[in-house]
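Input: a single structure, listed below in structure tokens.
Remember, predicted model here, so these are calculated numbers, not experimental data.
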Amino acid sequence: FCKEMRATSWSSSGLILYPMFGEHVEHGTQGIGLFNYNSFERQVVFNEDFFGLNQIYDIQWHPHETSFYFTTGLGFYQYHLHTGTRTKLRTSCNSRTYGGFSVSSDGSKILATRIDREWEESGPVVIGLENAYIVLMDANGYGEQRIEIPTK
């Protein structure tokens with residue numbers, strides 16, 4: 001039985017965020033765990049069902065290590081460790097998802113890949129056309145702007 005490990009983030013103080021699945025969570029749910037590399041202690045940050053869209057695609061620490069960001073099929077979130085509050089920064093849906101993001105070193109900006117999809121019916125088949133581009137936004141999810149990168 002092979003398990004896929006993905007979407008981990010390591011802080012400067014040795015704290016590793018990782019998606020939990022399999023024997024670490026209840027059936028049908030997924031969560032995020034925290035592993036302290038220095039003390040080898042492990043804890044559950046949260047564990048839940050994302051309404052059937054429970055795959056966690058990306059995780060990234062905020063530089064101050066008091067919160068982290070993650071994406072699922074439902075959206076782009078910030079989770080505050082001390083309060084346990086989750087803030088939805090951007091909504092994902094069938095026509096738009098976010099992923100492959102990076103947080104600036106001062107924690108004020110997020111650079112992410114945004115994928116827009118259009119669905120076309122071609123006879124009995126529905127075809128999804130994707131357009132991916134890079135966006136820059138404030139750390140609170142506002143002020144999203146498309147970054148144009150020259151091809152030459």
Side-chain angles (χ1 to χ4, degrees), residues 3-22 24-26 28-119 128-152:
K3 292 185 181 161
E4 177 186 358
M5 182 55 76
R6 64 190 184 290
T8 57
S9 182
W10 191 339
S11 75
S12 60
S13 62
L15 300 175
I16 300 170
L17 292 166
Y18 63 95
M20 299 184 317
F21 46 89
H24 301 294
V25 295
E26 299 170 19
T29 66
Q30 184 173 358
I32 292 181
L34 180 64
F35 176 71
N36 186 325
Y37 183 76
N38 301 310
S39 66
F40 291 95
E41 292 179 44
R42 185 176 65 142
Q43 72 182 62
V44 174
V45 177
F46 66 79
N47 176 24
E48 67 187 63
D49 180 6
F50 287 100
F51 309 105
L53 297 170
N54 61 354
Q55 183 174 356
I56 295 170
Y57 297 110
D58 295 299
I59 304 172
Q60 190 70 235
W61 277 106
H62 183 281
H64 300 137
E65 297 179 19
T66 57
S67 68
F68 61 88
Y69 300 92
F70 68 97
T71 58
T72 72
L74 294 175
F76 191 11
Y77 299 88
Q78 182 176 19
Y79 185 91
H80 301 273
L81 285 170
H82 301 298
T83 62
T85 352
R86 177 177 331 166
T87 306
K88 187 181 229 180
L89 305 177
R90 306 297 287 173
T91 298
S92 291
C93 56
N94 286 349
S95 61
R96 178 184 64 228
T97 57
Y98 293 88
F101 65 92
S102 178
V103 181
S104 65
S105 59
D106 66 357
S108 66
K109 299 284 185 184
I110 297 171
L111 193 66
T113 301
R114 176 175 162 166
I115 300 172
D116 290 338
R117 291 181 189 84
E118 293 181 30
W119 305 97
L129 306 171
E130 292 187 351
N131 183 22
Y133 49 92
I134 298 171
V135 294
L136 180 67
M137 66 184 88
D138 297 331
N140 61 7
Y142 293 111
E144 180 180 309
Q145 56 185 300
R146 188 173 175 165
I147 303 295
E148 299 290 341
I149 298 178
T151 56
K152 291 183 181 185

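From Phe76, atom CZ reaches atom OG1 of Thr97 across 11.5 Å, with rounding to the nearest 0.5 Å. Here Leu15 contributes atom CG and Asn38 contributes atom CG; the two are 7.5 Å apart, rounded to the nearest 0.5 Å.
Of all heavy-atom pairs spanning Val103 and Gly107, the tightest one is CG1-CA, 4.0 Å. For the pair Leu34 and Trp61, the tightest heavy-atom approach, listed with the atom from each and the gap, is CD1-CZ2, 3.6 Å. Considering every non-hydrogen atom in both Thr87 and His80, the closest pair reads OG1-NE2, 3.9 Å. Listed here is the closest heavy atom pair of Ser9 and Ile59: CB-O, 3.5 Å. Of all non-hydrogen atoms in Arg90 and Arg114, the two that sit nearest each other are NH2-NH1, 4.5 Å. Nearest heavy atoms, Asp138 versus Lys109: OD1-NZ, 2.7 Å.
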Problem set entry | Candidate pair Ile149 and Ile134, rule side chain to side chain contact (heavy atoms under 4.5 Å, CB included), full reasoning | CA-CA 9 Å; Ile149 298 178; Ile134 298 171; 3.4 Å; yes
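Panel note: side chain Gln78, backbone Ser67; no donor-acceptor pair is recorded below 3.5 Å. Listed for the Arg96 side chain is a donor-acceptor partner under 3.5 Å among the backbone atoms of Thr91.
Ring-centre distance between Phe40 and Phe35: below the 6.0 Å cut-off. Taking the ring centroids of Tyr79 and Phe70, they lie at or beyond the 6.0 Å cut-off.
Cation-pi geometry between Arg146 and Tyr133 is met: the NZ or CZ atom falls under 6.0 Å from the ring centre, inside 45° of the normal.
Taking the side chain as every heavy atom from C-beta outward, Val45 and Phe68 approach each other to under 4.5 Å. In this structure, the side chains of Ile32 and Pro19 stay at 4.5 Å or more apart for every pair of heavy atoms. Taking the side chain as every heavy atom from C-beta outward, Tyr98 and Asp58 never approach each other to under 4.5 Å. Two residues are said to be in side-chain contact when any heavy atoms from C-beta on lie closer than 4.5 Å; Thr66 and Leu81 fail this criterion. Counting heavy atoms from C-beta on, the side chains of Thr72 and Tyr77 come closer than 4.5 Å.
For Asn140, the side chain to side chain donor-acceptor pair (under 3.5 Å) criterion is met by no residue, not counting sequence neighbours.
Under 3.5 Å, the side chains of Gln60 and Ser102 contain no donor-acceptor pair of N or O atoms.
Here the rule is side-chain contact (heavy atoms from CB on, under 4.5 Å) with Phe101, and of Thr113, Leu111, Ile110 only Ile110 fits it.
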